Trainee: 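First the structure, which I've put down as structure tokens, then a few questions once you've had a look.
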Amino acid sequence: MDLSPKYAPQEFEKEIYREWESKGYFHGEDKSDKPQFSIVLPPPNVTGALHMGHALVLTIQDSIVRRKRMQGFNTVWFAGTDHAGIATQMVVERELMKEGKSRHDLGREKFLEKVWEVKDRHHGIITNQTRQMGASLDWERERFTLDHKFSKAVNSVFVKLYNKGLIYRGERLISWCSRCSTALSDLEVEMNPGKGKLYYIKYFVAGSNCSEFVTVATTRPETLLGDTAVAVNPNDDRFKHLHGKKVVIPFVEREVPIILDEYVDMAFGTGCLKITPGHDFNDYEIGKKHGLDTITVIDKNGKMNKEAVQFVGLNTKEAREKILVELENSGSLDKIEDYGTTVSKCSRCETVVEPLLSHQWFIKMDGMAKRAIEAVKSEKIKFYPTGWWEETYYRWLENIRDWCVSRQLWWGHRIPVWYCNDCNEFVVGEFHPLKQCRCGCQDYHQDNDVLDTWFSAALWPFVAPGWPERTEALKTFYPNALMETGFDIIFFWVARMIMFGLEFMDDVPFKEVLYHAMIRDEKGQKMSKTKGNVIDPLVITDKYGVDTLRFTLASMAGRARDIKLSENSIEGYSHFMNKIWQASKFALSNAEGYDKKCDVSKLKYPLNKWIVSRLNSVTEIVNKKFDVYELNDVSETLYKFFWHEFCDWYIEFSKPLINDEASAGETKYVLLYVHREFLKLMHPIAPFITEKLFHANPLKDKETIMLDAYPESNKSLINKELETDFDTVQELVSNIRHIKSIYGINAKNDVIVVSSKYSKLINDFNGPILKLATLKSIKVEQDAKSVDLSGCIRAVLPDVEIYMPAKKFIEFDKEIERLNKKLELVNKDLCITKSKLDNQGFLAKAGADVVEKEKGKLAEFSKLDTELRSAITTLETFLN
RNA sequence: GCGUCUUUAGCUCAGUUGGUAGAGCACUACCUUGACGUGGUAGGGGUCACAGGUUCGAGUCCUGUAGGACGCACCA
């Protein structure tokens, strides 16, 4: 097969993916003798376009999945997309807004038709982009979180929870977004610090004829219309004379009691707190405790309602301004201070949320939360990276509040509750009730609200394989082996999946959870369209190839919480892909004449033994790191091995062997063999380039690399001694290159090496050393006596002395200076080691192996020291 | 306020159970070496935030201080 001169991924990626998918390689079996590996894709929003976050998810999960598949697991990666309630509805509402229309102009049915159209349009986009990333998802099992069967599952869950008493309908204070016009759960509200003011307002004591008053401090004067009490701390002496009295709320002229509650902080503000149970969560609690009325003064559109006397119809901001003016005029406004406060905003649209009293559906969480905590504590579920998220998870679950699951939207799973048209009694059931109501009426209407998107998402691990049907797939693939997701949705999603999994399957939904980092720009800023710092994965893959992006992301997927991504770093990794391409070209163009019967366990040449040993050592590390999901280490290990061992040393050393008939057959085989095995190791992270090159390798042993076996380390092929020896050879070459570089010697020259220990080794590698160190000849001597040292540049490494006759280059003073520098370094090492060994405490308390090691070092450094000194003395005699 | 994490070379980060600090990028010099200039070779560059403590020995363990990030809860 001819390979193009440069790495050009655009030429083969799409075709390879098509081939994989059409041959059904991604599909796992419902029933199989093989062990299962299952994982669900966190379903992307149907309306979203692929961004770097997706690219990271797909890279990590696909890498893990591909390796497991290669390891022989019956592997399924469940594909799906999310209907994403508010987000999707907003997309369509925005489209309508351009025509000056609202969803109410269309009506529920027509509006939903439109949303489905949008869904169908976008679905193809996001799934194709997902394919483009190389994701080996089981598309045959693809689901949509609002498909028919999913709805069945959702209804069934709702009804079961209701029957167990875990779902209830209640009138409560909830966070309301007036823009989205829906209730939100606690998690969908973001608290941001903001600048505000603290207003001090006088409330006159009833019956005092405006002679007596209390001053309350508030950040939201417009809510005073809904005040139903004023609270003071019972221990506060300043207000003892007012206990039992009432004050008059301005404008509405309502008399409300002064109540006593320890909640009030005497030191803050005036020590006097106005209570508005209808528009503040703390006040609501106090109101409940003291049996106060709850008065709502703001409606669902964020406007003042009919309770708001002369302010009816104004929005809250207008109302505040007007109220302040009037308070000022009447002398009731004491003062205004700047005040740093927190503003609660809708996480979706950033509208300020209003606490509102309304009827909603809630799920009781405490019981399920306890089980969910236990599942992690008992390690039925293990978190990766270890030791990071457990605390956060426990804390949230320990303090969990009931989950408000109803949303006043149209797009989503409609709540399976039917109300009698006559008496308003409701029936909870999976289907429209057939029986007549207790009141005798037959007509029902379904609840208008839908469920929080995360309600259905929480069912994903068991609905994906078929629940509520008891399918074979469900039996095989539940619990999932792994859940992989961003830590930002640990509460939204992970915790809830665990709770629902335990509740409905009586088992954890997955055995391990792997959290990945957030992608940021190179400065650590969040990527956002408004900031203009977005790196589009599709632009990147067009330019550098999918494998480049995947490898970059994998290299950065470490334990860190942030990934700072720059195009620069991506470009760097594209060089690695090119390196693989180029080295492959070399290996493959030299394939002709390889020894077909070669057996890697019976190699003749040390160089070939060495690289096979290294391959197996690296394979061991890669597998170990893969097992604990440290993809950054996997990538780094592969990068270093391929570039700095296979290319820099093995390929270079192999050249003389390839040109020698005696060694050519074996060396060519090993070249191809290591190439093929490397491709397999690399395939999970960089699937396309490895598949492409695999087919070009004559040793290819499967129709696709995807289904080939992932390499296992063969320990009998690891030769640590040889690996260490080879380090010495590398050192030798480096030292010679170093001297030559310093003296500017470019020509081939002669070198004498004195070493009793390594003479055989150096002779074994004679040819390659000559080539890499650019030498004419290398002469190996057992001892230095037979060597004429005059005019030699000298280098010393443990058990090896190097002499380079170079009289015409040598500058004796310069050379002495160089060696003295070396000596200084060695002496520093020597000192440290000596002081250790002189230290009685060290000798007494350190482990024997450590002491031995130090002694070895001492011997080595002493020897270097002696040799360097003698070299310097010799040179000095030349000087004099 | 509480919790989790973080501070190592100019930048981005590794650093296993404590045993003399590493990589990539960037930088400097040299090399038009038949796989690759998207390359090669050599090199410079670090009081491991600070202060204590444990230890024969601390980047690594403990305590505190100061930066930084995130999460949770908030005093109206």
Side-chain angles (χ1 to χ4, degrees), chain A residues 3 5-7 186-187 191 198-199 216-220 223 231 263-265 267-276 280-283 339 341-342 387-396 399 487-488 490-491 518 520 522 524 544 555-556 558-566 568-569 571-590 630 632-633 636 639-640 643-644 647-648 651-652 655 733-734 737-742 744 746 771-774 828-833 835-836 839-847 849-851 853-854 857 861:
Chain A
L3 295 177
K6 284 182 180 176
Y7 167 58
D186 303 333
L187 285 174
M191 308 278 234
L198 198 54
Y199 304 92
V216 298
T218 178
T219 53
R220 300 196 58 197
T223 63
Y263 169 80
V264 181
D265 180 353
F268 188 88
T270 59
C272 195
L273 174 63
K274 74 185 206 57
I275 304 295
T276 323
D280 183 282
F281 288 101
N282 291 312
D283 293 5
Y339 185 69
T341 179
T342 46
W388 273 40
W389 299 108
E390 291 88 345
E391 269 317 306
T392 311
Y393 171 84
Y394 296 145
R395 246 173 98 85
W396 186 73
N399 298 303
F487 60 81
D488 54 328
I490 185 168
F491 309 137
M518 298 280 106
R520 294 169 186 281
E522 53 208 307
Y544 301 104
S555 310
M556 294 175 164
R559 291 174 57 87
R561 290 189 185 188
D562 289 335
I563 292 177
K564 288 177 198 159
L565 189 69
S566 66
N568 217 359
S569 58
E571 196 188 335
Y573 284 109
S574 75
H575 297 174
F576 180 49
M577 291 301 141
N578 185 57
K579 188 75 179 176
I580 295 174
W581 192 261
Q582 299 302 338
S584 303
K585 263 168 51 190
F586 175 83
L588 303 171
S589 65
N590 282 295
E630 283 171 17
N632 55 326
D633 286 340
E636 193 190 310
Y639 182 98
K640 278 191 181 153
W643 201 319
H644 299 304
C647 292
D648 290 354
I651 287 189
E652 292 308 327
K655 285 173 184 171
V733 171
S734 293
R737 280 167 172 171
H738 174 61
I739 301 170
K740 295 186 72 166
S741 156
I742 287 176
N746 295 326
K771 184 155 192 334
L772 262 71
T774 332
K828 210 174 127 200
D829 291 341
L830 195 60
C831 263
I832 295 169
T833 314
S835 74
K836 264 192 189 176
N839 184 335
Q840 290 307 314
F842 176 74
L843 292 175
K845 292 185 183 175
D849 52 328
V850 178
V851 176
K853 218 168 134 192
E854 288 302 314
K857 278 191 203 162
F861 293 143

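What you are looking at is a predicted structure, and each value in this text was computed from that prediction instead of being measured. Throughout, a chain's letter reflects where its sequence line sits, starting with A, and its residues are numbered from 1.
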Trainee: Tell me the interatomic distance from A:His644, atom NE2, to B:G40, atom C1', rounded to whole angstroms.
Mentor: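 Nearest whole value for this atom pair: 11 Å.
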
Trainee: Need one value for A:Arg737: base, sugar-phosphate or nothing, where a base atom within 4.0 Å counts as base even if backbone is also close, heavy atoms only.
Mentor: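 Here A:Arg737 touches the backbone only, sparing every base.
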
Trainee: A:Trp389 vs A:Phe487 aromatic rings, parallel, tilted or perpendicular, using cut-offs 30° and 60°?
Mentor: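 If you compare the ring of A:Trp389 with that of A:Phe487, the planes turn out parallel.
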
Trainee: Return the nearest nucleotide to the side chain of A:Phe491; candidates are B:C72, B:A76, B:U41.
Mentor: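 Looking only at side-chain atoms, A:Phe491 lies closest to B:C72.
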
Trainee: So, using salt bridge (charged side-chain N to carboxylate O under 4.0 Å, His left out) as the criterion, who are the partners of A:Lys836 when residues are at least two apart?
Mentor: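 A:Lys836: salt bridge (charged side-chain N to carboxylate O under 4.0 Å, His left out) contacts with A:Glu854.
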
Trainee: By nearest atom, which of the nucleotides B:G19, B:C74, B:A42 is closest to the A:Val850 side chain?
Mentor: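 The nucleotide sitting nearest to the side chain is B:G19.
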
Trainee: Name all residues meeting the ring-ring contact (aromatic ring centres under 6.0 Å, His included) criterion together with A:Tyr393; count only those two or more places apart in sequence or in a different chain, and write none if there are none.
Mentor: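 Partners of A:Tyr393 by the ring-ring contact (aromatic ring centres under 6.0 Å, His included) criterion, ordered by chain and then number, come out as A:Phe383.
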
Trainee: Could you tell me whether A:Tyr544 contacts a base, only the sugar-phosphate backbone, or nothing, with contacts defined as non-hydrogen atoms closer than 4.0 Å?
Mentor: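 Contact class for A:Tyr544: none.
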
Trainee: I want to confirm an ordering. Mapping A:Thr833 and A:Leu198 to their closest nucleotides on RNA chain B, which one lands closer to the 5' end?
Mentor: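 First, find each residue's nearest nucleotide; the 5'-ward one identifies A:Thr833.
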
Trainee: Where the side chain of A:Tyr639 is concerned, which of B:C25, B:A76, B:G19 is the nearest nucleotide?
Mentor: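 The nucleotide sitting nearest to the side chain is B:C25.
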
Trainee: Counting only N and O atoms by type, is there a donor-acceptor contact under 3.5 Å from the side chain of A:Asp562 to the main-chain atoms of A:Lys564?
Mentor: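 Looks like no, no N/O pair under 3.5 Å.
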
Trainee: Do A:Gln582 and A:Lys579 get their side chains close enough for a donor-acceptor pair, meaning under 3.5 Å?
Mentor: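 No, because no side-chain N or O of A:Gln582 sits under 3.5 Å from a partner of the opposite role on A:Lys579.
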
Trainee: Write down the partner of B:G64 under the Watson-Crick or G-U wobble criteria, each distance required to be under 3.5 Å.
Mentor: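 Across all strands, the one nucleotide that pairs with B:G64 is B:C50.
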
Trainee: Describe, in one word, how the ring planes of A:Tyr339 and A:Phe268 are oriented to each other, choosing from parallel (under 30°), tilted (30 to 60°) and perpendicular (over 60°).
Mentor: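 Rings of A:Tyr339 and A:Phe268: perpendicular, as their planes differ by over 60°.
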
Trainee: Between B:G71, B:C74, B:A76, spot the one nearest the side chain of A:Arg395, thanks.
Mentor: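 Given the options B:G71, B:C74, B:A76, the side chain of A:Arg395 is closest to B:G71.
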
Trainee: Can you check the A:Lys740 NZ to B:A42 P distance for me, whole Å?
Mentor: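 In whole Å, B:A42 P and A:Lys740 NZ are 13 Å from each other.
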
Trainee: Reading nucleotides 27-38 of chain B 5' to 3', which nucleotides get B (base under 4.0 Å from a protein heavy atom), which S (sugar-phosphate only), which -?
Mentor: --------BB-B

Trainee: So how far is it from A:Phe491 CZ to A:Asp186 CG, rounded to the nearest 0.5 Å?
Mentor: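 With rounding to 0.5 Å, CZ (A:Phe491) is 11.5 Å from CG (A:Asp186).
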
Trainee: Name the nucleic acid region contacted by A:Trp388, choosing base, sugar-phosphate or nothing; use a 4.0 angstrom heavy-atom cut-off, strictly under.
Mentor: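 It contacts sugar-phosphate atoms only.
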
Trainee: Report the distance from atom CZ of A:Phe268 to atom P of B:G1, rounded to the nearest whole Å.
Mentor: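 So the two atoms are 15 Å apart, to the nearest Å.
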
Trainee: Whole-Å distance between B:C70 C1' and A:Leu187 CG?
Mentor: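 Those two atoms, CG and C1', are 15 Å apart.
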
Trainee: For the pair made of CD in A:Glu391 and P in B:C5, what is the distance, rounded to whole Å?
Mentor: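 Rounding to the nearest Å, CD of A:Glu391 and P of B:C5 are 8 Å apart.
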
Trainee: Side chain of A:Thr218: nearest nucleotide among B:A76, B:G71, B:A42?
Mentor: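 Selected nucleotide: B:A76.
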
Trainee: Need the pair for B:A14. Rule: Watson-Crick or G-U wobble, both distances under 3.5 Å, any strand; none if unpaired.
Mentor: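 Matched B:A14 with nothing under the 3.5 Å cut-off.
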
Trainee: Report the base-pairing partner of B:U55 (Watson-Crick or G-U wobble, both distances below 3.5 angstrom), or none.
Mentor: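 Checking every strand shown, B:U55 finds no partner, since no pair has both distances under 3.5 Å.
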
Trainee: Go through the structure and list residues passing salt bridge (charged side-chain N to carboxylate O under 4.0 Å, His left out) with A:Lys274, not counting sequence neighbours.
Mentor: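 Result, salt bridge (charged side-chain N to carboxylate O under 4.0 Å, His left out) vs A:Lys274: A:Asp227.
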
Trainee: Mind listing the N/O atom pairs, protein and nucleotides 55-64 of chain B, below 3.5 Å?
Mentor:
residue	atom	partner	partner atom	Å
B:C56	OP1	A:Lys845	NZ	2.0
B:C56	O2'	A:Asn839	ND2	2.7

Trainee: What is the distance from CG of A:Asn399 to P of B:C74, rounded to the nearest Å?
Mentor: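 After rounding, the reported distance stands at 10 Å.
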
Trainee: Check whether any side-chain nitrogen or oxygen of A:His738 sits under 4.0 Å from OP1 or OP2 of B:G43, and answer yes or no.
Mentor: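 Yes, because at least one side-chain N or O of A:His738 sits under 4.0 Å from OP1 or OP2 of B:G43.
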
Trainee: Run A:Arg737 and A:Thr774 through side-chain contact (heavy atoms from CB on, under 4.5 Å) and show every step you take.
Mentor: CA-CA 8 Å; A:Arg737 280 167 172 171; A:Thr774 332; over 6 Å; no

Trainee: Partner of B:A69 by Watson-Crick or G-U wobble geometry, both contacts under 3.5 Å, or none?
Mentor: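 B:A69 is paired with B:U4.
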
Trainee: Would you sort out whether A:Leu3 and A:Leu588 count as a side-chain contact (heavy atoms from CB on, under 4.5 Å), showing the intermediate values?
Mentor: CA-CA 9 Å; A:Leu3 295 177; A:Leu588 303 171; 3.5 Å; yes

Trainee: Applying the Watson-Crick and G-U wobble criteria at under 3.5 Å, what pairs with B:A21? Answer none if nothing qualifies.
Mentor: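 Pair assignment: B:A21 / none.
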
Trainee: In the strands shown, is B:G37 matched to any nucleotide by a Watson-Crick or G-U wobble pair with both distances under 3.5 Å, and which?
Mentor: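 Pairing partner, where one exists within any strand: none, as none qualifies.
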
Trainee: Starting from C1' on B:A76, measure out to CZ on A:Arg220 and report it in whole angstrom.
Mentor: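 Computing the A:Arg220:CZ to B:A76:C1' distance gives 12 Å.
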
Trainee: Looking at A:Asp829, is its backbone amide N or carbonyl O close enough to the side chain of A:Thr833 to form a donor-acceptor pair, meaning the two atoms are under 3.5 Å apart?
Mentor: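 Yes: the side chain of A:Thr833 pairs with the backbone of A:Asp829.
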
Trainee: Show the distances under 3.5 angstrom between N or O atoms of the protein and N or O atoms of nucleotides 7-14 of chain B.
Mentor:
residue	atom	partner	partner atom	Å
B:C13	OP2	A:Lys564	NZ	3.3

Trainee: Tell me what A:Ser555 touches on the nucleic acid: a base, only sugar-phosphate, or nothing, going by heavy atoms under 4.0 Å.
Mentor: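 If one applies the 4.0 Å heavy-atom cut-off, A:Ser555 turns out to touch nothing in the nucleic acid.
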
Trainee: B:G43 pairs with which nucleotide, Watson-Crick or G-U wobble, both distances below 3.5 Å?
Mentor: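 Pairing partner, where one exists within any strand: B:C27.
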
Trainee: Rounded to whole Å, how long is the line connecting atom CD1 of A:Ile490 with atom C1' of B:G3?
Mentor: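 Spelled out: CD1 on A:Ile490 to C1' on B:G3 is 13 Å.
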
